Every structure is written in structure tokens, then in C-alpha cells.
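Reading through the C-alpha cells given below for one structure.
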Amino acid sequence: MEVYFVTGTGTDVGKTYCASRYVEMRRRTGLRVGVYKPVASGCIPGDDGDWVAEDAVELWRAAGCPLTLEAVCPQKFAASLAPPQAALAEGREVDEMELLRGVDAWTGPSSNSAAENDARFDVLVVEGAGGLFSPLSASQLNVDFARTLRERLPPLKVVLIAPNRLGVIHDCIAAVRAAQAAGVGIDLIVLNRIASVAESKDHSISTNAQQIEHWTGCPVVEQWS
Ligand SMILES: Nc1ncnc2c1ncn2[C@@H]1O[C@H](COP(=O)(O)OP(=O)(O)OP(=O)(O)O)[C@@H](O)[C@H]1O
Ligand SMILES: C[C@H](N)[C@H](N)CCCCCC(=O)O
Ligand SMILES: [Mg+2]
């Protein structure tokens, strides 16, 4: 089973967009793809009175609606804040055990043997919340969760999404070095070309990938395929 933890140099950088395109591409090859958003904030009210995580809906649809939307994103909060603050605003907490337990729905009960056992899915794509160093729960940043997840799912690869614009070289070097210091290697950097960036004025776009690869030693792509 291939497992990817999709994180970013921040929020709104294209994690869901790039992950969803990747999920669709892998599905087109006939693979069974699972998607998991451990916790979401900034959710909107749904028809049944529950909160809806738009990220989870986008990922779920890209994967062909496997299992249930609840399995995609078991923990949802309303405020557009980091998840622990959004939970606190509702007098609740992010359940750290549930963050990990939620993976089992996608990898099978003994997630340690996900690589060996006949897991329900061939590929699992997990999207964090915010950036790699955004708080995920009261005691964990996204990077801490990625490290724990990799201990449980050794094939896990960490994919860093960064918007292709002037300033991204710094953001990627900082993220890679901080991740390494936190015991997490970055396996792939995806330079996401967000349509809003005025390409004509940003002359860095054509050289950012080569610069980031040079300074970080990480593979950098503009298209995650
Ligand atoms: N390459 C792209 N082309 C067109 N639109 C894009 C692209 N990348 C991102 N977007 C759009 O930009 C917005 C932010 O992207 P997205 O929601 O994927 O960010 P995110 O990092 O997942 O944010 P969050 O931290 O809230 O999860 C979305 O409306 C998304 O559809
Ligand atoms: C609400 C937003 N769309 C994301 N889900 C959460 C972003 C948290 C960022 C926290 C931070 O690092 O400042
Ligand atoms: Mg997202």
C-alpha cells in the first residue's frame, strides 16, 4: 500500500487541489485509492445539521466516494482557525487517538502491516490541516502527526505543496530543514501554480524548481504524477 501525507508551506497553498488531482490520476490507472483528512476546521453547516468539511468532500469525490464521508474526515470544527483552537471555540478538543484510529478504516485493523496485508486500498492519501508546522491538536503539530503516522505506516511519503511564486525558495528550505530537525524527511515538493499568481510579473516561476532542488536536495515537480 502506498501512503502519502500531503502537507504544505502553509494554508491555502493547494494541498486539497493537488491531492485531488493526484487521486484522480491514480484511480484512472485502475487503483483503489483511499483518502483521509484526520481533522478539518473552517467547516460549513450541512443539511443534516452536522458540519461539512469541504476538503473532505473534494477528496472523497476525487477518490470515487469510497467508504463514507465520515470515514474521510471524522473530526470537524467550524471556526476558521487551527483545529485545536477551532475545537476549543466549541468547548471541545481534537481527539488525538482518533486522529490515528481513523487511519485503520483505510488500512485495515493492523495498520502496522498495511504494507503487507491485503489492505482495502492500493493507495492512501492523507491531507493535514494548514501547514506542516500548524497545530493539529493540543499537543501535536502536523509534523508530529506525520512522524507518528510514518512509524505506523513505514511506506509513508511526505509530500510538501508550495505555491510557485516569488518567496517560495525560502519557504521550502525553511520547511525542509525544520522538518528534518523534527525527524521528518520531505520526499517530494510539488510547486503548485495557483492561477491567481500573475505569471507575467513573477519571473521566479521558471527557476524556483531548480533552485529549491539545489538547496534542499528534495525532488521538486510542478505536476504531481
Ligand atoms: N493549481 C491550481 N489551479 C487552480 N486552482 C487552484 C490550484 N491550486 C489551488 N487552487 C484553488 O485555490 C484554493 C486553495 O486551494 P486548496 O483548498 O487546495 O488549499 P489547501 O492548502 O488545501 O487549503 P487548506 O489549508 O484550507 O486545506 C482552492 O479554491 C483551490 O481550488
Ligand atoms: C481554516 C483553514 N482552511 C485550515 N483548515 C486551517 C489553517 C490553520 C493554520 C494555522 C496556522 O498555522 O496559522
Ligand atoms: Mg485543504
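Just so you know, residue 1 is the first one in the sequence shown, and it goes up from there. Just so we're clear, the structure is a prediction, and the values are computed from it rather than from any experiment. Order of listing sets the numbers, starting from 1, for every ligand and every atom in it. Note that these values count all heavy atoms, side chains included, but never hydrogens, waters or copies made by symmetry.
Without hydrogens or angle criteria, E213 side chain to V220 main chain gives a donor-acceptor distance under 3.5 Å.
Between E96 and S137, the side chains place a donor N or O and an acceptor N or O closer than 3.5 Å (distance only, hydrogens not considered). A donor atom on one side chain and an acceptor atom on the other are not found under 3.5 Å apart for T7 and N142.
By the rule that hydrophobic residues join a cluster once side-chain heavy atoms approach within less than 4.5 Å of another member, I44 and L81 end up as members of separate clusters.
Rounding to the nearest 0.5 Å places SG of C172 at 12.0 Å from CD of Q211. In this structure, the separation between CH2 on W60 and CG on L67 is 9.5 Å, given to the nearest 0.5 Å. Atoms CG and CG, from N208 and L166 in turn, are 7.0 Å apart once rounded to the nearest 0.5 Å.
Between I212 and V176, the closest side-chain pair of non-hydrogen atoms is not below 4.5 Å. E93 has its side chain out of reach of Q75: every pair of non-hydrogen atoms, C-beta onward, lies at least 4.5 Å apart. A 4.5 Å side-chain heavy-atom check between L59 and E127 finds at least one atom pair inside the cut-off. Counting heavy atoms from C-beta on, the side chains of C43 and E54 never come closer than 4.5 Å. R92 is listed as a side-chain neighbour of F77, based on a closest heavy-atom distance under 4.5 Å.
Identified under the ring pair (Phe, Tyr, Trp, His ring centres under 6.0 Å) test for residues 6-26, with sequence neighbours left out: Y4-Y22, Y22-W224.
Protein residues with any heavy atom under 4.0 Å from ligand 1: T11, D12, V13, G14, K15, T16, Y17, K37, D55, E127, G130, N192, R193, I194. Each of T11, S41, S80, L81, A82, G130, S134 has a non-hydrogen atom positioned under 4.0 Å from some atom of ligand 2.
Listed by chain and number, the protein N, O or S atoms at a distance under 2.8 Å from the Mg ion (ligand 3) are T16 OG1, D55 OD2, E127 OE2.
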